[in-house]
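Note that the coordinates shown come from a computational prediction; the quantities given were computed from them, not determined experimentally.
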Amino acid sequence: MEYNHKQNQNKYFKIVLVRISTDEYIILKGPEEEKLLAGILQDDYNTTRYEKMIQLLADEVVQKEYREEFSSIFSMENMIKEFEGGKTMVEYSYIRDVGDEKKMVNTKVYPRLKKENRLEEFMVYVLS
């Protein structure tokens, strides 16, 4: 039997760019239904598109017992606090819908752009 090292590599299920100042949530790779949702999120003075998307994901695709922690960890407030406080990555594993299955995924968030120690952009990688 031949070893295929590609089978053991993590696969990116979803890759997202979040631009804070322009309130953009751009799915670079991911499920079509989530791309459609991200595209129709409306501007709202009370919440950002990112925060709306995190709430939608928590309600619709994240397994119930992970929802509260998922929302807290990935909140905009927490992302800004962690990255402006010097952290270089935020990571969390949880069960979510991946296609027709429920799977454990690992999400890693990295700051992408900082100006004068203020977070401007970050990247989200969901590995299944």
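Side-chain atoms of S71 come within 3.5 Å of backbone N or O of R67 as a donor-acceptor pair. Not a single donor-acceptor pair under 3.5 Å links the side chain of D23 to the backbone N or O of T48. A donor-acceptor pair under 3.5 Å is absent between the side-chain atoms of K108 and the main chain of V90, judged by distance alone.
Checking L127, V126, L28 one by one against I15, the side chain to side chain contact (heavy atoms under 4.5 Å, CB included) holds for a single residue, L28. Checked against L17 for a side chain to side chain contact (heavy atoms under 4.5 Å, CB included), the options I26, V124, L113 give a single hit: I26.
Residue pairs meeting the salt bridge (Lys or Arg N to Asp or Glu O under 4.0 Å) criterion with at least one partner in residues 94-107, sequence neighbours excluded, are E34-R96, D97-K102.
For the residue pair E24/T22, the side-chain donor-acceptor check at 3.5 Å is satisfied. Side-chain contact, N106 with E91: a donor N or O sits under 3.5 Å from an acceptor N or O.
Closest approach of L119 to P111, counting heavy atoms only: CD1-CB, 3.8 Å. The shortest heavy-atom contact between F83 and K114 is O-NZ, 2.6 Å.
Residues V16 and K14 are in side-chain contact: their nearest non-hydrogen atoms beyond the backbone lie under 4.5 Å apart. With a 4.5 Å cut-off on side-chain heavy atoms, I20 and R118 do not count as touching.
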Checklist line | Working for ring pair (Phe, Tyr, Trp, His ring centres under 6.0 Å), residues F122 and F74 | finding: CA-CA 11 Å; F122 56 91; F74 295 117; 9.2 Å; no
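Within the model, atoms OH of Y66 and CD1 of I73 stand 11.5 Å from one another, a figure rounded to the nearest 0.5 Å. With rounding to the nearest 0.5 Å, the separation of NZ in K52 from CE in M76 is 12.5 Å. Note: K35 NZ to K29 NZ = 9.5 Å, rounded to the nearest 0.5 Å. In this structure, CE on M123 lies 15.0 Å from CE on M89, to the nearest 0.5 angstrom. In this structure, CD on Q63 lies 9.5 Å from CE on M104, to the nearest 0.5 angstrom.
For F13, there are no ring-ring contact (aromatic ring centres under 6.0 Å, His included) partners at least two apart in sequence or on another chain.
Classification of E120 and K115 as a salt-bridged pair fails, no side-chain N sitting under 4.0 Å from a carboxylate O.
Relative ring orientation between F70 and Y94 is described as perpendicular, the plane-to-plane angle rising above 60° on a 0-90° scale split at 30° and 60°.
No more than 12 heavy atoms of other residues, nucleotides or ligands shown are found within 6.0 angstrom of CD on E68. Enclosure of atom CD in E65 by more than 12 non-hydrogen atoms of other residues, nucleotides or ligands within 6.0 angstrom is indicated.
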